[in-house]
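Structure record follows, encoded as structure tokens.
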Amino acid sequence: MIDRRQMSGIPVHPRRTSRVEIRLMVMALILALLALLPAVAGAQEVVRLSVEEAVVHALRGSEAVQVAEAVVLRARGGRYEARSGFFPRLNGSVGYTRTLSSEYEALQGAPVDSSGGSPFDGLNDLPFGQENRYDIGLEARQTVFAGGRVVARSRVAEAGVRSAEIGLASARAEQELEVRESYWDAVLADRLVSIAEASLAQAEATLAQVRASAGVGESAEFDVLRAQVARDNQRPQVIQRRADRDLAHMRLKQLLNVALDEQLELTSELPVRVNDIARSKGSSEGIVEPVVEADTGSSHRAAVRQAAELVTVRENQRRAARAERLPVIDLTTQWGRVAYPKQGVPAWDEMRSNWTVGVQMRLPILTGGAQRGAELKAQADVMEARARLEQTRELAALDARSALERLESAEAAWQASVGTVEQAERAYRIAEIRFREGLSTQVELSDARLMLQQAEMNRAIAARDVEVAGTVIRLLPDLPLAR
């Protein structure tokens, strides 16, 4: 439409936006942003992790592993302290002494002899009673003979470091097993939820079919009630499986140091078919092969190795206790410079030198029975450590055999579940067709559905058990006992 002012030649200026309109536009923009805030705040970052990534993530932030690393660091510090006995020790000192009162003050007022001097004038240059004293010194000490104390303590420290390193490896293995077990528990919980939801969907479909048949007079009211009860019985199972899944995910998040309100997506899956587990084990026939060729010998278990290191510690502590009967011989030397200025800080050339070299021997003569008591306690510690080593070896052999039995049982359960699931699936398809064609009852269809659900659950549980048992065998040398 043409403006009349333009036709008449009157210039037309664009209309300016008023302040009220600007304020309204700003307020509308603010309201739009406020409306988007809940959606932005509600959007959660999805944490996607495979089982290997979960292990790496957990080991990086594990408090148990950090504690074990601190134990190793402390043991290495003790090794430095024990080895220091082999090397000389050098100490330096700088000191200043101000004398406020001295017994030699009376010498300052001694009478003057006939020659005009005092017989005690020379004492003014000696350190007796001087007000100011400056000392600079060095002291060195080297142990020449210690009766085996230093060697025994060094061996004790070395065994302590090895034991701490074994403990660190054990802590890492235990953390890895716990994470893998929790990961597969969460995956299993997800799988069980899927099975329960699928069974509920099948029950819903059966109920809808029965209601449709009842609407045209082909099914009785009793069949509708039976189908409805079967559907309702599935709902509590779905609710329970979802609760178990939430708990499993929260446990895994705790191990991974992930916030509980974050969403966790697990990318690794349990094998559900014959070809799945065959592919994971490298077999083309679908037979479960041993997961790894792990060393299950009792002498290589972490607990046994730590017990052996404890025997080494106790034996060397006994040697150190016996060595207390022998003398300790040290070579010592002291060097220093001293000055007694009347005032101010003395110059280097105003100071006098002192240098001594000596040999010191310390020998216990009478201990009142303390030495004998220490030796008896050390001997008892050795006997106890050796007995515990043998006990730990027996427990390690039993524990390794139990782990192998659990793996064989899990593999056998998996093998049995594979064929059962295939048969249950076929039986349910046949029952569904028979029920749809009116050749069977709803009871037969419900039984077939329950058998399929149980078979799928058994297969998922068996797959989880195979994964966990295989992990135990692989980590067995570093795992603690009683797994």
Side-chain angles (χ1 to χ4, degrees), residues 51-79 82 155-185 251-252 254-257 290-317 381 384-407 410 465-483:
V51 62
E52 301 297 336
E53 293 171 344
V55 170
V56 174
H57 191 278
L59 290 178
R60 189 183 301 117
S62 171
E63 293 82 3
V65 174
Q66 293 175 3
V67 170
E69 290 175 347
V71 173
V72 173
L73 186 62
R74 186 181 299 109
R76 290 174 179 172
R79 181 174 59 183
R155 290 175 180 175
V156 168
E158 290 287 349
V161 172
R162 292 192 297 267
S163 179
E165 290 175 348
I166 294 173
L168 175 59
S170 179
R172 288 174 176 170
E174 189 173 14
Q175 183 72 16
E176 179 179 352
L177 176 60
E178 190 174 4
V179 171
R180 288 181 180 273
E181 189 173 4
S182 298
Y183 188 96
W184 294 126
D185 285 343
R251 172 58 180 161
L252 181 59
Q254 179 185 8
L255 292 175
L256 299 178
N257 293 323
V291 180
V292 287
E293 293 295 335
D295 187 0
T296 57
S298 60
S299 60
H300 296 89
R301 295 295 301 273
V304 176
R305 286 178 287 157
Q306 283 186 320
E309 295 296 343
L310 180 60
V311 172
T312 302
V313 169
R314 298 307 188 197
E315 289 177 346
N316 284 279
Q317 287 177 343
D381 291 340
E384 181 183 1
R386 289 176 178 174
R388 291 190 180 278
L389 174 59
E390 293 302 323
Q391 184 183 34
T392 305
R393 283 175 178 169
E394 296 174 0
L395 293 176
L398 177 62
D399 186 67
R401 189 61 208 169
S402 300
L404 291 174
E405 290 291 341
R406 287 194 295 269
L407 177 60
D465 292 341
V466 169
E467 294 290 346
V468 174
T471 303
V472 171
I473 294 298
R474 180 173 60 84
L475 300 175
L476 193 63
D478 293 326
L479 286 178
L481 299 181
R483 288 299 305 178

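None of these values were measured; they are calculated from a predicted model.
The OG atom of Ser163 sits 4.0 Å away from atom CD of Gln306, with the distance rounded to the nearest 0.5 Å. Atom-to-atom distance recorded for Arg305:CZ and Ser298:OG is 12.0 Å, nearest 0.5 angstrom. For the atom pair CG (Leu310) and CD (Gln317), the distance works out to 8.5 Å, reported to the nearest 0.5 Å. Taking CZ of Arg301 as the reference point, atom CG of Leu395 lies at 10.0 Å (rounded to 0.5 Å). Note that the CH2 atom of Trp184 and the OG1 atom of Thr471 stand 8.0 Å from one another [nearest 0.5 Å].
Across all their heavy atoms, Leu389 and Ala308 have their closest contact at CD1-N, 3.7 Å. Annotation for Ala410 and Val466: closest pair O-CG2, 3.4 Å, computed over non-hydrogen atoms. Of all the heavy atoms in Asp399 and Pro480, the pair that sits closest is OD2-O, 4.4 Å. Closest approach of Val313 and Ala159 over heavy atoms only: CG2-CB, 3.5 Å.
Partners of Glu52 by side chain to side chain contact (heavy atoms under 4.5 Å, CB included), not counting sequence neighbours, listed by chain and number: Ser50, Arg180. Residues that satisfy the salt bridge (charged side-chain N to carboxylate O under 4.0 Å, His left out) test with Asp185, not counting sequence neighbours, are Arg464. Annotation: side chain to side chain contact (heavy atoms under 4.5 Å, CB included) contacts of Asn316 (sequence neighbours excluded): Ala152, Arg155, Val156, Thr312, Arg319. Under the rule for a side chain to side chain donor-acceptor pair (under 3.5 Å), the partners of Arg162 that lie at least two apart in sequence or sit in another chain are Glu309. Shown here are the side chain to side chain contact (heavy atoms under 4.5 Å, CB included) partners of Ala169, two or more places apart in sequence or in another chain: Asp478. Take Thr392 and apply the side chain to side chain contact (heavy atoms under 4.5 Å, CB included) test, not counting sequence neighbours, and it matches Ala303, Val304, Ala307, Leu481.
Leu256 has its side chain within reach of Val179: a pair of non-hydrogen atoms, C-beta onward, lies under 4.5 Å apart. You'll find the side chain of Val56 stays beyond 4.5 Å of the side chain of Glu53, heavy atoms only.
At distances below 3.5 Å, at least one donor-acceptor pair connects side-chain atoms of Asn257 with backbone N or O atoms of Gly61. A distance-only check finds a donor-acceptor pair linking the side chain of Ser402 to the backbone of Leu398 [under 3.5 Å].
Salt bridge annotation for Arg251-Glu181: absent, with no cationic side-chain nitrogen under 4.0 angstrom from a carboxylate oxygen.
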Donor-acceptor list for residues 72-79 side chains, cut-off 3.5 Å, not counting sequence neighbours:
| residue | atom | partner | partner atom | Å |
| --- | --- | --- | --- | --- |
| Arg76 | NH2 | Glu165 | OE2 | 3.4 |

Please list, one pair per line, the donor and acceptor atoms closer than 3.5 Å that link side chains of residues 62-69 to other protein atoms, with sequence neighbours excluded.
| residue | atom | partner | partner atom | Å |
| --- | --- | --- | --- | --- |
| Ser62 | OG | Ala64 | N | 3.4 |
| Ser62 | OG | Val65 | N | 3.3 |
| Ser62 | OG | Gln175 | OE1 | 3.4 |
| Glu69 | OE2 | Arg172 | NH2 | 3.4 |

Legend entry - Chi angles and distances behind the side-chain contact (heavy atoms from CB on, under 4.5 Å) call for Leu475, Leu479: CA-CA 6 Å; Leu475 300 175; Leu479 286 178; 3.9 Å; yes

Inset, instruction - Please report the C-alpha distance between Arg406 and Asp465 in whole Å, then the side-chain angles of each, then the deciding distance to 0.1 Å, and finally whether the side-chain contact (heavy atoms from CB on, under 4.5 Å) criterion is met. - result: CA-CA 8 Å; Arg406 287 194 295 269; Asp465 292 341; over 6 Å; no

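Residue pairs meeting the salt bridge (charged side-chain N to carboxylate O under 4.0 Å, His left out) criterion with at least one partner in residues 385-395, sequence neighbours excluded, are Glu315-Arg386, Glu384-Arg388, Glu390-Arg393.
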